[in-house]
Amino acid sequence: MVAGRPVPFIKDVPIPSAMSIPLSERVAIPELGPDDDGREVVVAGWIQEVRDLGGIAFVELRQGTETGQIVLPKGKVDEDTVDTLVEANRESVAAIAGTVQESDEAPGGFEVLPDEAELLNEAQTPLPMGVVDRVDTDVDTRLENRFLDVRKPEVQAIFAVRAAAVEGGRQWLQEEGFTEFTSPNIIGAASEGGTDIFEVQYFEETAYLSQSPQLYKQMMMATGLDKVFEIAKYFRAESHNTRRHLNESSAFDCEVAFIDDEDDVLWVLENLVHAITSFVDENCTEELELLDHEVTVPDTPFPRVTYDEALDWTADDVEEEVAWGEDLSTEAEYALGDIMEEKGHEYYFITKYPDECKPFYAQPEGEELSRSFDLGKSGMEVTSGAQRVHDPDLLRQRIEEMGADTEDFEDYLKPFTYGMPPHGGFGLGIERIVMEMLDLHNIREAVLFPRDRDRLRP
RNA sequence: GCCCUGGUAGUGUAGUGGCCGAUCAUGCGGCCCUGUCGAGGCCGCGACCCGGAUUCAAAUUCCGGCCGGGGCGCCA
């Protein structure tokens, strides 16, 4: 064979297979029941547990979040078949061809009596962590062994809910006429300011990982695509270590053109949150049951609390008072979360922030305020957004005021000089809202493979 | 960037100077058991993050490193 050449596909020559049990005929365990008594089936999955009682043994075979029982009355079942299953290490993958039997004593009212069993892949022992052990596992150990962790039904449920949240949000945005787009994650200028960003080598140049699609989605506002969104990745090089921060996170990033003011954006956001929560509520019944958690679908519109009100209301509850003009402290955010909870609101907007604590692209209002807002959920900031500046002269002035060079922003500024409508938007953190919906204690639980200060693998 | 906190069998833990050739659970191995479903019973296996220092004596105190967890700032 010539090195580097692909092996030609030869028609009519089957790929050799060790499988004597046809996996393609596999039936899903949840689809079986006592009514299938007598049916010949193929089942396959992970051997979760073996209970060998001597003359009879039981194997719990897991498929996804469900398990089914394989019964092995010794003497009645072929000895090799019994040994294959009973001697396999936990979490090995096995296939079984056999007959469904109705049984009052079996979980689910049925069990499979095998004719044949085959170990498809034996799990080594000891396992780096148990899937069904009666001991807890640290989040760190779980993340190191995510493939095992996700075998747990309650962990699978988290990611099913996350997928549903994304699906529900995307569906609603599409119905509302939003166009989904994709912006580059590798960018040439560290443009947005604020947080630290990651540098990457881009051939002979230094490039950066984008901290948000902010500037790109604004550019789209000059195109006639009046409503856009991206399921965006945020890369942020902040070396924080908290239960609510990641260095790589995801968000619904939306932008809308031809708005009167930021209230038009708030409408989109509150309805998006409503769509996400109600989609999860309607489509994740089993998952929420597994997680023993209910999702509250908030009423719209959400209450609007101004920044001034937020300061005023929380003044007595915080040890260190927030000076006017500063962003709300974490302490004040939680205090406000409690106050809103008491009033019966999990979700609420904080509006009319001082201009000085918001970025250059936020539309100022009057002398000191800005048309910026955050969405809070029980004290957690899940979104921030604003009406944007669309006047190029004001934008240049604000870039200079923050001490940056307008030269670095020419790509961004260009669309503003050739017809840019008033617009605004927001970024809704997906991990944050999943974390909040499910009351997870660590945001790392809401991502499969989190990137944080000290975690770059797996 | 600043601050706090932790690292003991595969996993989760007890243990704050000698009683530790280290606790318990889970797991793993062996044996017994024909209806288990957190199976049960008996026997066994397996660990003090690394490097220095203090001390008659260190899992335990101190210093440095490595690796976790958390808080603040900042933010989604």
Side-chain angles (χ1 to χ4, degrees), chain A residues 48-60 67-77 82 87 89-91 101 103-109 111 123-145 148-149 192-197 211-214 232-253 319-320 326-334 357-359 374-377 380-385 426-436 441-444 446-447 452-455:
Chain A
Q48 179 162 295
E49 207 166 358
V50 177
R51 286 186 285 272
D52 186 354
L53 274 62
I56 190 168
F58 301 96
V59 174
E60 227 180 304
T67 60
Q69 178 162 288
I70 313 300
V71 66
L72 299 163
K74 295 177 191 173
K76 281 190 204 162
V77 172
V82 172
E87 285 169 23
N89 292 326
R90 297 191 306 166
E91 297 303 323
Q101 287 185 341
S103 165
D104 293 340
E105 288 146 313
E111 58 198 1
Q124 296 303 297
T125 178
L127 294 167
M129 59 173 276
V131 176
V132 288
D133 280 9
R134 283 138 54 182
V135 290
D136 287 335
T137 313
D138 279 349
V139 174
D140 183 44
T141 311
R142 292 174 44 208
L143 294 176
E144 286 285 335
N145 302 284
L148 282 172
D149 188 46
E192 200 184 322
T195 59
D196 292 327
I197 65 177
Q211 63 175 98
S212 90
Q214 180 62 29
K233 274 291 178 81
Y234 294 174
F235 299 94
R236 298 189 178 172
E238 299 281 345
S239 33
H240 35 43
N241 185 9
T242 78
R243 37 178 284 274
R244 59 185 192 285
H245 287 95
L246 293 165
N247 291 291
E248 178 178 353
S249 67
S250 316
F252 276 103
D253 231 305
E319 281 187 26
E320 203 170 332
E326 278 177 14
D327 208 348
L328 293 180
S329 63
T330 303
E331 195 190 7
E333 283 181 352
Y334 283 128
C357 66
K358 287 293 173 185
D374 284 355
L375 172 65
K377 157 76 175 65
M380 176 78 75
E381 181 182 333
V382 292
T383 305
S384 70
F426 59 85
L428 169 65
I430 291 171
E431 289 83 9
R432 285 257 173 114
I433 197 163
V434 169
M435 177 186 182
E436 281 300 320
H441 294 288
N442 192 321
I443 197 163
R444 283 167 264 233
V447 215
D452 62 32
R453 180 65 188 81
D454 302 294
R455 193 174 272 105

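Order of the sequence lines fixes the chain letters, A, B, ..., with proteins taken first and strands second; residue numbering starts at 1 for each chain. Quantities reported herein were computed from a predicted structural model and do not represent experimental measurements.
Contact detail for A:Tyr234 and A:Pro213: the closest heavy-atom pair is CE2-CD, 3.8 Å. Here the closest non-hydrogen pair linking A:Asn89 and A:Ala123 is ND2-O, 3.0 Å. Here the closest heavy-atom approach between residue A:Pro128 and residue A:Asn145 is recorded as CB-OD1, 3.2 Å. Of all the heavy atoms in A:Arg90 and A:Asp133, the pair that sits closest is NH1-OD1, 2.9 Å. A:Glu91 approaches A:Leu127 most closely through the heavy-atom pair CG-CD1, 3.8 Å.
Looking at the side chain of A:Val135, the nearest of the listed nucleotides B:C72, B:G38, B:A25 is B:A25. With B:C72, B:A76, B:U34 as the candidates, the nucleotide lying closest to the side chain of A:Thr242 is B:C72. Closest to the side chain of A:Asp52, out of B:C72, B:G10, B:C33, is B:C33. Counting only heavy atoms from C-beta on, A:Thr141 has its side chain closest to B:G12 among B:C75, B:G12, B:C74. Here the nucleotide nearest the side chain of A:Arg455, chosen from B:C72, B:G68, B:G29, is B:G68. The A:Arg134 side chain lies nearest to B:G38 when the options are B:U34, B:C74, B:G38. Closest to the side chain of A:Arg432, from the set B:G68, B:C72, B:A76, is B:A76.
Within 4.0 Å of A:Ala106, counting heavy atoms only, lies at least one base atom of the nucleic acid. Counting non-hydrogen atoms under 4.0 angstrom, A:Asp133 reaches a base of the nucleic acid. Counting non-hydrogen atoms under 4.0 angstrom, A:Glu91 reaches nothing in the nucleic acid. A:Asp136 comes within 4.0 angstrom of the backbone, heavy atoms only, and of no base. In this structure, A:Ser249 reaches the bases: a heavy-atom distance under 4.0 Å links it to at least one base atom across the strands shown. Within the nucleic acid shown, A:Pro73 has no heavy atom closer than 4.0 Å to any nucleic acid atom. Looking at heavy-atom distances under 4.0 Å, A:Ser250 makes no contact with the nucleic acid at all. Using a 4.0 Å heavy-atom cutoff across all strands shown, A:Arg444 reaches sugar-phosphate atoms only and no base atom. Looking at heavy-atom distances under 4.0 Å, A:Ile430 makes no contact with the nucleic acid at all. Across all strands shown, A:Glu436 has no heavy atoms under 4.0 Å from either base or sugar-phosphate atoms. If you check every strand for non-hydrogen atoms under 4.0 Å, A:Gln69 touches a base. A:Arg453 comes within 4.0 angstrom of no nucleic acid atom, judged by non-hydrogen atoms across all strands. Counting any heavy atom pair closer than 4.0 Å across all strands shown, A:Thr67 reaches no nucleic acid atom.
Atom P of nucleotide B:A76 and atom CD of A:Glu431 are separated by 13 Å, given to the nearest angstrom. In this entry the distance linking CG of A:Leu246 with P of B:C74 reads 19 Å, nearest Å. We find that CZ of A:Phe58 is positioned 15 Å from P of B:G40, with the value rounded to whole Å. Taking atom CD on A:Gln48 and atom P on B:G38, their separation rounds to 11 Å, with Å as the unit. Between the P atom of B:G70 and the CD atom of A:Glu331 lies a distance of 20 Å, rounded to the nearest Å. The distance from atom CZ of A:Phe426 to atom P of B:C75 is 19 Å, rounded to the nearest whole Å. Going from atom CD of A:Glu381 over to atom C1' of B:C74 covers 10 Å, rounded to whole Å. If you take NE2 of A:His240 and P of B:C74, they are 12 Å apart, rounded to a whole angstrom.
For A:Arg51 and B:U36, a side-chain-to-base donor-acceptor distance below 3.5 Å is present, hydrogens and geometry of angles not being considered. Evaluation of atom-type donor-acceptor distances gives no pair under 3.5 Å for the side chain of A:Arg243 against the base of B:G70. Looking at A:Glu320, its side chain has no donor and acceptor atom pair within 3.5 Å of the base of B:C72.
One C1' atom belongs to B:C48, the other to B:A22, and the distance between them is 8 Å to the nearest Å. As rounded to the nearest Å, B:A59 and B:A47 have P atoms that lie 15 Å from one another. Taking atom C1' on both B:G10 and B:C45, the two are 12 Å apart, rounded to the nearest angstrom. For B:G29 and B:G46, the P atoms lie 15 Å apart once the distance is rounded to whole Å. B:U34 and B:U26: their P atoms are spaced 24 Å apart (whole Å). For the P atoms, the distance linking B:A25 with B:G41 amounts to 11 Å, nearest Å. Spacing between B:G17 and B:A57 at atom C1', rounded to whole Å, works out to 8 Å. Look at the P atom in both B:G44 and B:A39: the space between them is 23 Å, to the nearest Å.
Within the structure, a side-chain polar atom (N or O) of A:Asn442 is placed less than 4.0 Å from OP1 or OP2 of B:G70. In terms of phosphate contacts, A:Asn89 brings a side-chain nitrogen or oxygen within less than 4.0 Å of OP1 or OP2 of B:G29. For the OP1/OP2 pair of B:A76 and a distance below 4.0 Å, the side-chain nitrogens and oxygens of A:Ser384 include at least one atom meeting the criterion. At least one side-chain nitrogen or oxygen of A:Thr330 sits closer than 4.0 Å to the OP1 or OP2 atom of B:G73.
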Original post:
Using Watson-Crick and G-U wobble pairs with both distances under 3.5 Å, what is the 5'-to-3' dot-bracket string of RNA chain B, with [ ] for crossing pairs and | for pairs outside the strand?
Top reply: (((((((..(((.....[.....)))((((((.......))))))...(((((..]....))))))))))))....

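The number of heavy atoms from other shown groups lying within 6.0 Å of CG (A:Asp140) is above 12.
For A:Arg453 (side chain) and A:Ser239 (main-chain N/O), no donor-acceptor pair under 3.5 Å exists by modelled atom type. At least one donor-acceptor pair closer than 3.5 Å links the side chain of A:Asp452 to the backbone N or O of A:Arg455.
Between A:Gly54 and A:Ala251, the residue whose closest nucleotide on RNA chain B is further toward the 5' end is A:Gly54. Comparing A:Arg90 and A:Leu53 against RNA chain B, the residue whose closest nucleotide sits nearer the 5' end is A:Arg90.
Annotation: side chain of A:Phe235 is in contact with side chain of A:Glu248 (closest heavy-atom distance under 4.5 Å).
Test A:Arg444, A:Arg243, A:His441 against A:Met435 for side-chain contact (heavy atoms from CB on, under 4.5 Å) and you get one pass: A:Arg243.
Distance check, rounded to the nearest 0.5 Å: NZ of A:Lys233 to CG of A:Asp253 gives 13.5 Å.
Look at A:Arg432 and A:Glu381 and you find no salt bridge, because none of the NZ, NE, NH1 or NH2 atoms lies under 4.0 Å from a carboxylate O.
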